[in-house]
Amino acid sequence: MPRSFTRLFLTGTAVVWAFGTAQGATPEKVGASTCMSCHAEAAEQFKQNVHAKTFSALKNIPFEESCETCHGPGSLHAGAAGDKSNPDFATIKNPAKAGAKESSETCLQCHAGGQQMFWKGSKHDVQNVSCAECHSVHSGSGKKLMAKATESETCFQCHSAIKGQINRSAHMPVAEGKLQCSSCHNPHGSPGTKNLKADSANSLCYQCHEDKRGPFLWEHMPVRESCLTCHQPHGSHNDKMLSAKRNLLCQRCHNSTRHPGTLYQGGDAGNQHNRIFNQSCTNCHSNIHGSNHPSGKFFLR
Amino acid sequence: MKTMTNALWKTAGLAVAACLLAVPARSETTVSQEAEVGYQNRHQSGNEAKFEEYGEVPDGPVLKLYRMKLEKGGTEVEFKAKDVLQEQQSFKVLVNKDSKLKVKASWNQTPHLFSNDAHSPYVQSAPGVFVIPDTVKGTLGAANTTTFVNIVNTLDSGGMPLGFRRDEGSVSLSLAPSDSLKFSLSATEALKRGSKARGASFGFSHVVELPEPIDYRIYSSNVGAEYNSKGVQLGFGYGFSSFKNDIEEMVWDNGKRSADRAASNAGYVAGDQSAKGRMHLAPDNVAHNVSLNAGANLPFGSRVTASLSYGVMSQNQDLQPYTINSAIVRGSTGTPSDAPFTASDPRNLPTNKANAKMINLVQNYGVTSNPWQSLTLGVKFRSQMMDNRTSEVIFPGQVRFDQVWEGGNIENHAFQYRKTLVEGSAGYQVIQPVSIGLSYGVEWTDRDHREVTEQKEKTLAATTDIRPAEGFLIRGKFVNSKRQVDHFDVEDLNAGNELPGLRRFDLSERVRNQGGLSVQMSKGPVNLALSGSLRHDDYRAGPGDLTDGVAGNQNQMYGLLEDRGKQAALDLGLDVNDRIGVSAFYDYEDARGLQRSNENAAVLNQDGATDWTTRTIDRYHTAGLGLDIKKVKDRADIHFGYDLSQSKGSTELVALGSGHSGKPSLPDTKITKQDVTVKTDIKITDNLSLGLGYLYEKYDVTDWATENVPIASGQFAGQVNIYLADASRDYNAHVGTVMAKYKW
């Protein structure tokens, strides 16, 4: 074998071995004291954080181990001494910058049950929304450590259409602070549709609108099947958050003889025709969600 | 209620005391407090309730917030009070001991105000009983329209509020004896009291609207347990809810009649037969729910989840008789429309209780897997069964509007349904910044007692995410779903006396196409989000003969034919520098439906001459502008804001049969709300800051149906109607506030 080739081969092997040794170096835990030498402010703030308190109380994780519980062992990162060009610098895990799955796995170490039980495979998980997009462990606001000042602002980052809807004239008291997105939805996933915090839309609505729960002697069947047949829960231009103005909403399903099929027109509005004026159809059919009266088949009583 | 509330507070107090006593005596206690107190001055034109729909805006001293936090060892106690002494006030006590024991007690008031100035000629002589003076009742029946309206106007009892408030007291306890076990228990009592507008009519031409009294008591409690360890989670829950309506019925005078009378079939049109009306209000009901949840991590990044929920709702309140009209008896009219018995006697009912019961069984099962980092697979199964166990009863007839007996057997059908969904999904990261997702699902629905008994909907959804750079996301989504109907029962429609061509939109065949695109960018001082979406629902006739085999009937579909939506939004946040920030938001939405109907007199007629087709259009503009300036003279933060919410509803008659030629569309409706806010926060000392605020709100409404609602209306020929006159009105409001915020 020619000498030049041998030298080349040995040199290359040495280089590969050196590189491989460096890459294969395993980081080890160094403790929060080491982290604080560079991240003093963050560490001090973290002492007041619910995580810091819960780690020790519930998980028997002392403060010294708390940083590396989420960020991973930091010996190589600390060894880089702030030199970002050093590949060891990037070995520390930053959930805020990591991929969604990796970031979420960090949080799921502890937050796998309860509200997060159905996270995996949920809409947000599938759409690669990471925990860090809504929560900020170090600088979050409120008890839930939201990334934005309020829960609504956090959700509206992506759901801007809903931001417009909750401000419509017929609305639930979300803007007034009495309800939040999480009053109805579990952003961490739920078994039901639309991440609702109940088996179905109706089950959720009945939690506040118990008077509509019934069951009734006479059921209004599309109502029993879904409240969303007629209502827009995020807000509407139409009274009672209806998806279209009464009488026309009702006339989408009722064409029968006499008045349901009547064409009510401009003149009728000006003359306060009682089928379209004020509460329109529900001037008479007021038990529209169901009736328990023997003469209530048409929801008149 | 007072006893319950006292018990709740005592329980919370005992829990707090127990936690504090359990703490080692030498632990240092830190107490932090915060208060916002000040003075508010408001001026509002008119007395429109909309300004305070969900919360009082007082004129005078206000205590906006008080918060106290006490920490001793591993125990935290927090007390928070908001909007004290206002309709929407709330209080909360939270005790957290070592994150293992959490006790929470809260009191929350949520008002909903509809009107400050409703009017009625009726006087509520007892809860749910509305009377008109006897001297007047007989005269209204004989009065012509003008006289009727004048008499009713003189009976006006003066302006009254219309609205209710839900007061909820709640105590909850959460105990985590170990890292893997957690128990929870909560109890809530809610009271809902007030009034709301309720139609209580006597006939086609005699609408009456009353302030229905609301006096509800709701008790609910929940118990839960959870086990969480080594990738396995198990959860159990039981919930109970009881609804009680302390005012079971509403009885009200008929101004047109002082003594009951029965009339023949058409007698209910004028609504002048019965001396009174009676209606059953929301019946008491009870609900139970048991749930089991489970999740387990499996190899290859997989996870399986399951949930099972069994719920029962029941109601068994005594039924009222067919009518309060004592004159509807056998032989009262000598016509075929005679009642077979005394309709006001409850003993003539085939049953004295509804015996209503529904069981809701819901099951969800799912498996997701990340066999390797770039691939996610999922399978989901969902089943919901609404089983209606309510007794099916045949009534020999009914009394319409308390006016006249209508014979002929009618039966309450126990409507029930079952929905089953199977869905598979896959997500793949093609290259680092690009991922795609695909899902396909089929949902089957089976129903009893509706014209569509079997239905299937197939949905295909595709998404793509592109992250070309850090903080930059482009997301696209497309959904196509096809709903198919296996069988359509025209006879069911006929039983309801509907056109054979009618296809109800929640049952009919439908093709939905929906697409959306969003762009989110967060880079340095700029946060930008753009989104847009389109939706088109095309409703189709499906199986079933649209003509029902009747010669002369057009082969035409009726009902909702099409539903479209489009939406676009822009949300911008810009930090001009470290002191100045600007925000802007705009959202536009357009929702429109196309529906066809047919105006029939006494006989169903699908010949097209009296067809009419209308398009409903709701358009929305929502916008906001904000400017934040921080550290002005190193002391003050200032915020300027403008918010606009405008909506417009239109109807356009787009196709009219020959019988409707030249008829005009209904007028548009329009609502505009604008807010201008200025807030400044001035730091006086490290603990004290002074807040100055100004709000100007302008509300303009144009709605022919709810503006200018009179107490009595005889404007439409042949009708005399009594309303609550709770009209929607424009208003301007100015609110100035001076607040002191102190933290110590």
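The structure displayed is predicted, hence computed values, not measured ones. We name chains A, B, ... by the order of the sequence lines, and we start the count at 1 in each one.
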Which atoms of [X] come close to chain B, meaning under 4.5 Å heavy atom to heavy atom: side chain ones, backbone ones, both, or neither?
X	answer
A/Tyr206	side chain
A/Gln109	neither
A/Lys120	both
A/His254	both
A/Asn202	neither
A/His259	side chain
A/Asn128	both
A/Glu105	neither
A/Ser203	side chain
A/Cys110	backbone

Within 45° of the ring axis of [Y] and under 6.0 Å from its six-membered ring centre, is that where the NZ or CZ of [X] lies?
X	Y	answer
A/Lys163	B/Phe585	yes
A/Arg213	B/Phe243	no
A/Arg275	B/Phe204	yes

Can you find a pair of side-chain heavy atoms, one from [X] and one from [Y], that are under 4.5 Å apart?
X	Y	value
A/Phe298	B/Gln398	yes
A/Phe277	B/Phe716	no
A/Asn255	B/Asn598	no
B/Arg450	A/Glu225	yes
A/Arg301	B/Asp402	yes
B/Met358	A/Glu219	yes
B/Tyr54	A/Lys178	no
A/Lys245	B/Leu666	no

Determine whether a donor-acceptor pair (N or O, by modelled atom type, separation under 3.5 Å) exists between the side chain of [X] and the backbone of [Y].
X	Y	answer
A/Ser295	B/Tyr322	yes
B/Lys50	A/Ser169	yes
B/Thr305	A/Phe118	no
B/Glu599	A/Leu263	yes
B/Gln315	A/Pro215	yes

What part of [X] gets closer than 4.5 Å to chain A, counting heavy atoms only: side chain, backbone, both or neither?
X	value
B/Leu281	neither
B/Asp98	both
B/Asp643	neither
B/Arg166	side chain
B/Lys182	neither
B/Ala197	both
B/Asn285	both
B/Val362	side chain
B/Ala717	neither
B/Ala200	backbone
B/Ser291	neither
B/Tyr216	side chain
B/Ser241	both
B/Ser220	neither

Any idea which of [options] has the most non-hydrogen atom pairs under 4.5 angstrom with chain A?
options	value
B/Arg619, B/Glu76, B/Gln373, B/Arg278	B/Arg278
B/Gln88, B/Gln595, B/Lys673, B/Arg504	B/Gln595
B/Asp465, B/Val367, B/Ile218	B/Ile218
B/Ile214, B/Asp587, B/Thr706, B/Thr651	B/Asp587
B/Glu212, B/Gln520, B/His280, B/Lys82	B/Gln520
B/Ala282, B/Ala705, B/Ala356, B/Ser99	B/Ala705

Open item on the list: Quick check on side chain to side chain donor-acceptor pair (under 3.5 Å): which of B/Asp618, B/Asp703, B/Thr669 does A/His237 satisfy it with?
Closed with: B/Thr669
I'd like to know if the side chain of [X] pairs up with that of [Y] as donor and acceptor (distance under 3.5 Å, no hydrogens or angles considered).
X	Y	value
A/Asn274	B/Gln719	yes
A/Gln272	B/Ser713	yes
A/Lys297	B/Asn412	no
A/Gln165	B/Glu589	yes
A/Asn283	B/Arg198	no
A/Asp199	B/Ser309	yes

Open item on the list: Are B/Trp612 and A/Tyr264 an aromatic pair, judged by ring center distance below 6.0 Å?
Closed with: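 Judged by ring-centre distance (under 6.0 Å), A/Tyr264 and B/Trp612 do not meet the cut-off.
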- [ ] Check step by step if side-chain contact (heavy atoms from CB on, under 4.5 Å) holds for A/His293 and B/Leu319.
- [x] CA-CA 6 Å; A/His293 194 285; B/Leu319 296 179; over 6 Å; no
Whether [Y] and [X] form a salt bridge (side-chain N of Lys/Arg under 4.0 Å from carboxylate O of Asp/Glu) is what I want to check.
X	Y	answer
B/Arg303	A/Asp125	no
B/Lys192	A/Glu210	no
A/Lys59	B/Asp179	yes

Open item on the list: Please verify the inter-ring angle class for B/Phe395 with A/Trp218; under 30° counts as parallel, over 60° as perpendicular, anything in between as tilted.
Closed with: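 Geometry flag for A/Trp218 against B/Phe395: tilted rings.
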TODO: Output, in order, the C-alpha distance, side-chain angles, deciding distance and verdict of side-chain contact (heavy atoms from CB on, under 4.5 Å) for A/Ser236 and B/Tyr620.
DONE: CA-CA 9 Å; A/Ser236 170; B/Tyr620 302 90; 3.9 Å; yes
